[in-house]
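Worksheet: the structure to be examined is printed underneath.
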Amino acid sequence: MKNLLKNQKWNSLLYGVLAALVALVWVYPFVIVVVNSLKTKRGIFSNPLWFTHDFTVDNFATAYQALDFTHSFVNSLLITVGSVVLITAVSAAAAYALTRHQVKMSSFVYYLCAATMLVPFQSIMIPLVSMFGSMNFLNRTALILMNTGLSVSLSVILYYGAFQGVPKSMDEAAKLDGASAFRVFADVVLPAVNPMTGTVIILNAMKLWNDYLLPSLVVNKNGMYTIPLKMYMFFGETNSEWQLALAGLVLSMIPIIILFLLLQKQVMSSVTEGAIK
(Lines give C-alpha, C1' and ligand atoms only; values in the text may rest on other atoms or scores of the structure.)
Protein backbone atom coordinates (compact mmCIF):
# COMPACT_ATOMS: atom_id res chain seq x y z
CA MET A 1 0.00 0.00 0.00
CA LYS A 2 2.79 2.39 0.89
CA ASN A 3 4.58 1.62 -2.41
CA LEU A 4 1.36 2.22 -4.33
CA LEU A 5 0.90 5.65 -2.74
CA LYS A 6 4.55 6.46 -3.43
CA ASN A 7 4.17 5.50 -7.10
CA GLN A 8 1.04 7.62 -7.39
CA LYS A 9 2.89 10.56 -5.87
CA TRP A 10 5.76 10.22 -8.36
CA ASN A 11 3.30 9.83 -11.26
CA SER A 12 1.48 12.99 -10.20
CA LEU A 13 4.78 14.84 -9.96
CA LEU A 14 5.82 13.59 -13.42
CA TYR A 15 2.50 14.63 -14.97
CA GLY A 16 2.80 18.03 -13.31
CA VAL A 17 6.28 18.58 -14.72
CA LEU A 18 5.19 17.49 -18.20
CA ALA A 19 2.14 19.78 -18.03
CA ALA A 20 4.36 22.69 -16.96
CA LEU A 21 6.73 22.06 -19.89
CA VAL A 22 3.87 21.90 -22.39
CA ALA A 23 2.38 25.09 -20.94
CA LEU A 24 5.77 26.80 -21.22
CA VAL A 25 6.05 25.80 -24.89
CA TRP A 26 2.62 27.32 -25.61
CA VAL A 27 3.05 30.46 -23.50
CA TYR A 28 6.63 31.34 -24.51
CA PRO A 29 5.73 32.78 -27.98
CA PHE A 30 3.20 35.07 -26.29
CA VAL A 31 5.86 36.14 -23.78
CA ILE A 32 8.25 36.93 -26.66
CA VAL A 33 5.60 39.12 -28.32
CA VAL A 34 4.95 41.06 -25.09
CA VAL A 35 8.66 41.44 -24.27
CA ASN A 36 9.57 42.64 -27.77
CA SER A 37 6.67 45.09 -27.80
CA LEU A 38 8.48 46.88 -24.96
CA LYS A 39 11.82 47.15 -26.81
CA THR A 40 13.25 49.54 -29.33
CA LYS A 41 13.82 48.30 -32.85
CA ARG A 42 17.54 47.95 -32.13
CA GLY A 43 16.76 45.93 -29.00
CA ILE A 44 14.54 43.51 -30.91
CA PHE A 45 17.25 42.64 -33.41
CA SER A 46 20.02 42.49 -30.81
CA ASN A 47 18.21 39.90 -28.66
CA PRO A 48 14.75 38.91 -29.91
CA LEU A 49 14.26 35.97 -27.53
CA TRP A 50 14.81 37.58 -24.13
CA PHE A 51 14.88 40.78 -22.11
CA THR A 52 17.21 43.70 -22.83
CA HIS A 53 17.94 46.93 -20.99
CA ASP A 54 16.26 49.29 -23.48
CA PHE A 55 12.65 48.86 -22.36
CA THR A 56 10.09 51.52 -23.34
CA VAL A 57 6.31 51.88 -23.21
CA ASP A 58 6.29 54.58 -25.90
CA ASN A 59 5.64 51.89 -28.53
CA PHE A 60 2.08 51.46 -27.28
CA ALA A 61 1.23 55.16 -27.46
CA THR A 62 2.74 55.45 -30.95
CA ALA A 63 1.01 52.27 -32.16
CA TYR A 64 -2.31 53.44 -30.69
CA GLN A 65 -2.14 56.68 -32.66
CA ALA A 66 -0.80 55.10 -35.86
CA LEU A 67 -3.52 52.44 -35.85
CA ASP A 68 -6.23 55.02 -35.16
CA PHE A 69 -7.00 52.34 -32.62
CA THR A 70 -10.32 53.67 -31.31
CA HIS A 71 -11.85 53.83 -34.80
CA SER A 72 -10.39 50.56 -36.07
CA PHE A 73 -11.32 48.85 -32.79
CA VAL A 74 -14.95 49.93 -33.21
CA ASN A 75 -14.96 48.62 -36.80
CA SER A 76 -13.51 45.27 -35.73
CA LEU A 77 -15.92 45.08 -32.81
CA LEU A 78 -19.01 45.81 -34.94
CA ILE A 79 -18.02 43.26 -37.58
CA THR A 80 -17.03 40.56 -35.09
CA VAL A 81 -20.01 40.96 -32.76
CA GLY A 82 -22.51 41.21 -35.61
CA SER A 83 -21.06 38.14 -37.33
CA VAL A 84 -20.86 36.06 -34.15
CA VAL A 85 -24.44 36.90 -33.13
CA LEU A 86 -25.76 35.91 -36.57
CA ILE A 87 -23.62 32.77 -36.76
CA THR A 88 -24.71 31.62 -33.31
CA ALA A 89 -28.42 32.31 -33.91
CA VAL A 90 -28.57 30.77 -37.39
CA SER A 91 -26.46 27.70 -36.59
CA ALA A 92 -28.29 26.98 -33.32
CA ALA A 93 -31.70 27.24 -35.01
CA ALA A 94 -30.59 25.12 -37.97
CA ALA A 95 -29.05 22.42 -35.79
CA TYR A 96 -32.15 22.33 -33.58
CA ALA A 97 -34.36 21.85 -36.62
CA LEU A 98 -32.13 19.08 -37.94
CA THR A 99 -32.15 17.17 -34.66
CA ARG A 100 -35.78 17.71 -33.59
CA HIS A 101 -37.67 17.79 -36.90
CA GLN A 102 -35.95 15.14 -38.95
CA VAL A 103 -37.20 14.63 -42.50
CA LYS A 104 -35.71 12.94 -45.54
CA MET A 105 -33.57 15.98 -46.31
CA SER A 106 -32.14 16.34 -42.78
CA SER A 107 -29.19 14.00 -43.32
CA PHE A 108 -28.49 15.60 -46.71
CA VAL A 109 -28.39 19.08 -45.18
CA TYR A 110 -26.14 17.91 -42.36
CA TYR A 111 -23.64 16.28 -44.71
CA LEU A 112 -23.84 19.28 -47.02
CA CYS A 113 -22.71 21.45 -44.09
CA ALA A 114 -19.82 19.06 -43.49
CA ALA A 115 -18.91 19.05 -47.20
CA THR A 116 -18.80 22.85 -47.46
CA MET A 117 -16.05 22.88 -44.84
CA LEU A 118 -13.81 21.09 -47.37
CA VAL A 119 -14.10 23.91 -49.92
CA PRO A 120 -11.08 26.28 -49.68
CA PHE A 121 -12.11 29.89 -49.14
CA GLN A 122 -9.54 31.03 -51.71
CA SER A 123 -11.45 29.17 -54.43
CA ILE A 124 -14.65 31.19 -53.89
CA MET A 125 -13.45 34.54 -52.59
CA ILE A 126 -13.16 36.25 -56.00
CA PRO A 127 -16.63 35.20 -57.26
CA LEU A 128 -18.10 36.04 -53.84
CA VAL A 129 -16.63 39.54 -53.72
CA SER A 130 -17.47 40.13 -57.40
CA MET A 131 -21.10 39.19 -56.79
CA PHE A 132 -21.43 41.60 -53.86
CA GLY A 133 -19.49 44.25 -55.79
CA SER A 134 -21.88 44.01 -58.74
CA MET A 135 -24.65 45.02 -56.32
CA ASN A 136 -22.54 47.90 -54.88
CA PHE A 137 -22.73 46.12 -51.56
CA LEU A 138 -19.14 46.07 -50.25
CA ASN A 139 -19.37 47.38 -46.69
CA ARG A 140 -19.46 46.20 -43.08
CA THR A 141 -22.95 44.73 -43.44
CA ALA A 142 -21.88 42.69 -46.47
CA LEU A 143 -18.82 41.45 -44.59
CA ILE A 144 -21.02 40.33 -41.68
CA LEU A 145 -23.25 38.37 -44.08
CA MET A 146 -20.22 36.79 -45.78
CA ASN A 147 -18.71 35.80 -42.43
CA THR A 148 -22.01 34.22 -41.44
CA GLY A 149 -22.31 32.19 -44.62
CA LEU A 150 -18.70 31.03 -44.48
CA SER A 151 -18.67 30.11 -40.78
CA VAL A 152 -22.10 28.68 -40.09
CA SER A 153 -21.32 25.12 -41.26
CA LEU A 154 -18.87 24.27 -38.48
CA SER A 155 -21.15 25.83 -35.89
CA VAL A 156 -24.12 23.78 -37.13
CA ILE A 157 -22.10 20.58 -36.75
CA LEU A 158 -21.01 21.54 -33.23
CA TYR A 159 -24.56 22.41 -32.17
CA TYR A 160 -25.92 19.27 -33.85
CA GLY A 161 -23.83 17.04 -31.59
CA ALA A 162 -24.74 19.09 -28.53
CA PHE A 163 -28.50 19.01 -29.21
CA GLN A 164 -28.41 15.26 -29.70
CA GLY A 165 -27.27 14.99 -26.09
CA VAL A 166 -30.37 16.86 -24.85
CA PRO A 167 -33.27 14.42 -24.21
CA LYS A 168 -36.34 15.04 -26.35
CA SER A 169 -38.42 14.47 -23.23
CA MET A 170 -37.46 18.02 -22.18
CA ASP A 171 -39.12 19.37 -25.32
CA GLU A 172 -42.22 17.28 -24.76
CA ALA A 173 -42.54 18.33 -21.12
CA ALA A 174 -42.27 22.02 -22.08
CA LYS A 175 -44.90 21.60 -24.80
CA LEU A 176 -47.27 19.96 -22.31
CA ASP A 177 -46.84 23.05 -20.13
CA GLY A 178 -48.04 25.18 -23.05
CA ALA A 179 -44.71 26.48 -24.35
CA SER A 180 -44.53 27.41 -28.03
CA ALA A 181 -41.94 25.88 -30.35
CA PHE A 182 -39.79 29.00 -30.09
CA ARG A 183 -40.01 29.06 -26.27
CA VAL A 184 -39.02 25.37 -26.15
CA PHE A 185 -35.96 26.14 -28.25
CA ALA A 186 -34.95 29.42 -26.61
CA ASP A 187 -35.83 28.75 -22.97
CA VAL A 188 -35.40 24.98 -22.58
CA VAL A 189 -33.07 23.40 -25.13
CA LEU A 190 -30.62 26.22 -25.91
CA PRO A 191 -29.76 26.93 -22.23
CA ALA A 192 -28.98 23.22 -21.83
CA VAL A 193 -26.09 23.58 -24.31
CA ASN A 194 -24.60 26.81 -22.92
CA PRO A 195 -21.08 25.29 -22.88
CA MET A 196 -21.32 24.67 -26.62
CA THR A 197 -22.62 28.20 -27.18
CA GLY A 198 -19.55 29.54 -25.39
CA THR A 199 -17.31 27.38 -27.58
CA VAL A 200 -19.02 28.55 -30.79
CA ILE A 201 -18.69 32.18 -29.73
CA ILE A 202 -15.01 32.02 -28.81
CA LEU A 203 -14.00 29.99 -31.91
CA ASN A 204 -15.73 32.35 -34.33
CA ALA A 205 -14.73 35.51 -32.46
CA MET A 206 -11.04 34.54 -32.53
CA LYS A 207 -11.16 33.73 -36.23
CA LEU A 208 -13.06 36.84 -37.30
CA TRP A 209 -11.26 39.29 -35.01
CA ASN A 210 -7.91 38.27 -36.54
CA ASP A 211 -9.14 37.90 -40.13
CA TYR A 212 -7.21 39.90 -42.72
CA LEU A 213 -7.95 38.38 -46.13
CA LEU A 214 -11.71 38.87 -46.48
CA PRO A 215 -11.81 42.37 -44.91
CA SER A 216 -8.97 43.39 -47.23
CA LEU A 217 -11.25 42.56 -50.18
CA VAL A 218 -14.48 44.03 -48.79
CA VAL A 219 -13.81 46.95 -46.42
CA ASN A 220 -10.35 48.11 -47.48
CA LYS A 221 -11.49 51.75 -47.50
CA ASN A 222 -10.94 54.81 -45.34
CA GLY A 223 -13.25 54.76 -42.35
CA MET A 224 -13.86 51.00 -42.48
CA TYR A 225 -10.39 49.60 -41.66
CA THR A 226 -10.27 46.83 -39.08
CA ILE A 227 -7.31 46.33 -36.75
CA PRO A 228 -5.62 43.63 -38.91
CA LEU A 229 -5.89 45.94 -41.95
CA LYS A 230 -4.37 48.87 -40.06
CA MET A 231 -1.59 46.60 -38.75
CA TYR A 232 -0.38 46.15 -42.32
CA MET A 233 0.76 49.77 -42.44
CA PHE A 234 3.73 48.93 -40.19
CA PHE A 235 5.25 46.76 -42.91
CA GLY A 236 6.72 48.51 -45.95
CA GLU A 237 8.82 47.35 -48.88
CA THR A 238 12.08 48.57 -47.38
CA ASN A 239 11.34 49.04 -43.69
CA SER A 240 9.25 47.25 -41.06
CA GLU A 241 8.42 48.83 -37.72
CA TRP A 242 8.45 45.61 -35.71
CA GLN A 243 8.36 47.29 -32.31
CA LEU A 244 5.17 49.16 -33.26
CA ALA A 245 3.62 46.12 -34.95
CA LEU A 246 4.19 44.00 -31.86
CA ALA A 247 2.78 46.71 -29.59
CA GLY A 248 -0.28 46.91 -31.83
CA LEU A 249 -0.55 43.13 -31.76
CA VAL A 250 -0.61 43.14 -27.96
CA LEU A 251 -3.33 45.83 -27.99
CA SER A 252 -5.40 43.79 -30.46
CA MET A 253 -5.08 40.61 -28.37
CA ILE A 254 -6.47 42.15 -25.18
CA PRO A 255 -10.20 42.01 -26.20
CA ILE A 256 -9.96 38.34 -27.25
CA ILE A 257 -8.12 37.41 -24.05
CA ILE A 258 -10.85 39.13 -22.00
CA LEU A 259 -13.55 37.29 -23.99
CA PHE A 260 -11.85 33.95 -23.42
CA LEU A 261 -11.54 34.60 -19.70
CA LEU A 262 -15.25 35.44 -19.54
CA LEU A 263 -16.23 32.28 -21.43
CA GLN A 264 -13.52 30.00 -20.09
CA LYS A 265 -15.91 28.10 -17.83
CA GLN A 266 -18.28 27.30 -20.71
CA VAL A 267 -15.46 26.26 -23.04
CA MET A 268 -13.90 23.97 -20.43
CA SER A 269 -17.32 22.46 -19.66
CA SER A 270 -17.86 21.75 -23.35
CA VAL A 271 -14.46 20.07 -23.67
CA THR A 272 -15.08 17.98 -20.55
CA GLU A 273 -18.54 16.86 -21.71
CA GLY A 274 -17.13 15.89 -25.10
CA ALA A 275 -14.38 13.84 -23.47
CA ILE A 276 -16.89 12.03 -21.23
CA LYS A 277 -19.14 11.20 -24.16
Side-chain angles (χ1 to χ4, degrees), residues 29-30 32-33 36-37 41 44 59-60 62-88 90-91 116-155 200-260:
F30 175 74
I32 291 176
V33 171
N36 284 317
S37 68
K41 189 173 183 179
I44 292 175
N59 294 336
F60 290 94
T62 305
Y64 191 97
Q65 293 178 352
L67 289 173
D68 188 14
F69 191 81
T70 301
H71 199 182
S72 56
F73 173 81
V74 170
N75 286 332
S76 290
L77 187 65
L78 290 174
I79 292 168
T80 302
V81 171
S83 300
V84 170
V85 168
L86 266 181
I87 291 168
T88 304
V90 171
S91 57
T116 56
M117 294 171 57
L118 302 176
V119 179
F121 166 69
Q122 290 78 4
S123 66
I124 63 171
M125 63 180 183
I126 300 302
L128 180 66
V129 174
S130 298
M131 181 181 70
F132 276 80
S134 65
M135 297 183 291
N136 294 319
F137 192 39
L138 293 177
N139 50 35
R140 286 188 291 255
T141 303
L143 183 56
I144 290 172
L145 294 177
M146 291 182 192
N147 287 335
T148 303
L150 294 169
S151 303
V152 77
S153 296
L154 174 61
S155 300
V200 169
I201 290 173
I202 194 67
L203 286 177
N204 285 292
M206 289 177 63
K207 180 182 73 171
L208 299 176
W209 183 264
N210 297 312
D211 188 25
Y212 171 82
L213 183 55
L214 187 57
S216 70
L217 299 172
V218 179
V219 294
N220 196 3
K221 306 169 186 175
N222 287 330
M224 290 195 291
Y225 289 119
T226 61
I227 292 176
L229 292 179
K230 293 290 287 186
M231 288 281 293
Y232 186 71
M233 68 179 295
F234 293 130
F235 300 95
E237 293 183 4
T238 59
N239 187 36
S240 297
E241 299 295 335
W242 285 101
Q243 75 283 8
L244 300 181
L246 292 172
L249 184 59
V250 172
L251 291 174
S252 68
M253 286 191 293
I254 292 174
I256 288 296
I257 292 174
I258 294 174
L259 178 64
F260 179 79

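Start at 1 with the first residue, then count along the sequence.
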Rounded at 0.5 Å granularity, tell me how far [atom1] in [X] sits from [atom2] in [Y].
{"X": "L259", "Y": "I254", "atom1": "CG", "atom2": "CD1", "result": "14.0 Å"}
{"X": "N222", "Y": "D68", "atom1": "CG", "atom2": "CG", "result": "10.0 Å"}
{"X": "L229", "Y": "S76", "atom1": "CG", "atom2": "OG", "result": "8.0 Å"}
{"X": "I32", "Y": "S37", "atom1": "CD1", "atom2": "OG", "result": "12.0 Å"}
{"X": "M206", "Y": "D211", "atom1": "CE", "atom2": "CG", "result": "13.0 Å"}
{"X": "L251", "Y": "I227", "atom1": "CG", "atom2": "CD1", "result": "8.0 Å"}

Step by step, work out the side-chain contact (heavy atoms from CB on, under 4.5 Å) result for L150 and L214.
CA-CA 11 Å; L150 294 169; L214 187 57; 3.9 Å; yes
Heavy-atom closest contact ([X] atom, [Y] atom, distance):
{"X": "N59", "Y": "L244", "answer": "O-CD2, 3.8 Å"}
{"X": "M117", "Y": "S153", "answer": "CG-CB, 3.9 Å"}
{"X": "N147", "Y": "I87", "answer": "O-CD1, 3.8 Å"}
{"X": "L67", "Y": "M231", "answer": "CD2-N, 3.8 Å"}
{"X": "K207", "Y": "S151", "answer": "NZ-OG, 2.6 Å"}
{"X": "I256", "Y": "I202", "answer": "O-CD1, 4.5 Å"}

Establish, from distance only, whether the side-chain atoms of Y212 and T226 form a donor-acceptor pair under 3.5 Å.
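Absent: no donor and acceptor within the cut-off.
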For a side-chain contact (heavy atoms from CB on, under 4.5 Å) check, start with the C-alpha distance between Q122 and L213, then their side-chain angles and the critical distance, and finish with the verdict.
CA-CA 9 Å; Q122 290 78 4; L213 183 55; 4.2 Å; yes
Check whether any side-chain heavy atom of F234 lies under 4.5 Å from a side-chain heavy atom of L249, and answer yes or no.
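Answer no - side chains too far apart.
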Could you please spell out the steps behind the side-chain contact (heavy atoms from CB on, under 4.5 Å) verdict for I79 and L208?
CA-CA 8 Å; I79 292 168; L208 299 176; 5.9 Å; no
Side-chain donor-acceptor distances from residues 137-144 under 3.5 Å, at least two apart:
from : atom 1 : to   : atom 2 : distance (Å)
N139 : OD1    : T141 : N      : 3.2
N139 : OD1    : A142 : N      : 2.9
R140 : NH1    : N75  : OD1    : 2.8

Stepwise side-chain contact (heavy atoms from CB on, under 4.5 Å) test for Y225 and N220:
CA-CA 6 Å; Y225 289 119; N220 196 3; 2.9 Å; yes
What residues, two or more places apart in sequence or in another chain, satisfy ring pair (Phe, Tyr, Trp, His ring centres under 6.0 Å) together with F73?
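Ring pair (Phe, Tyr, Trp, His ring centres under 6.0 Å) check on F73 returns F69, W209.
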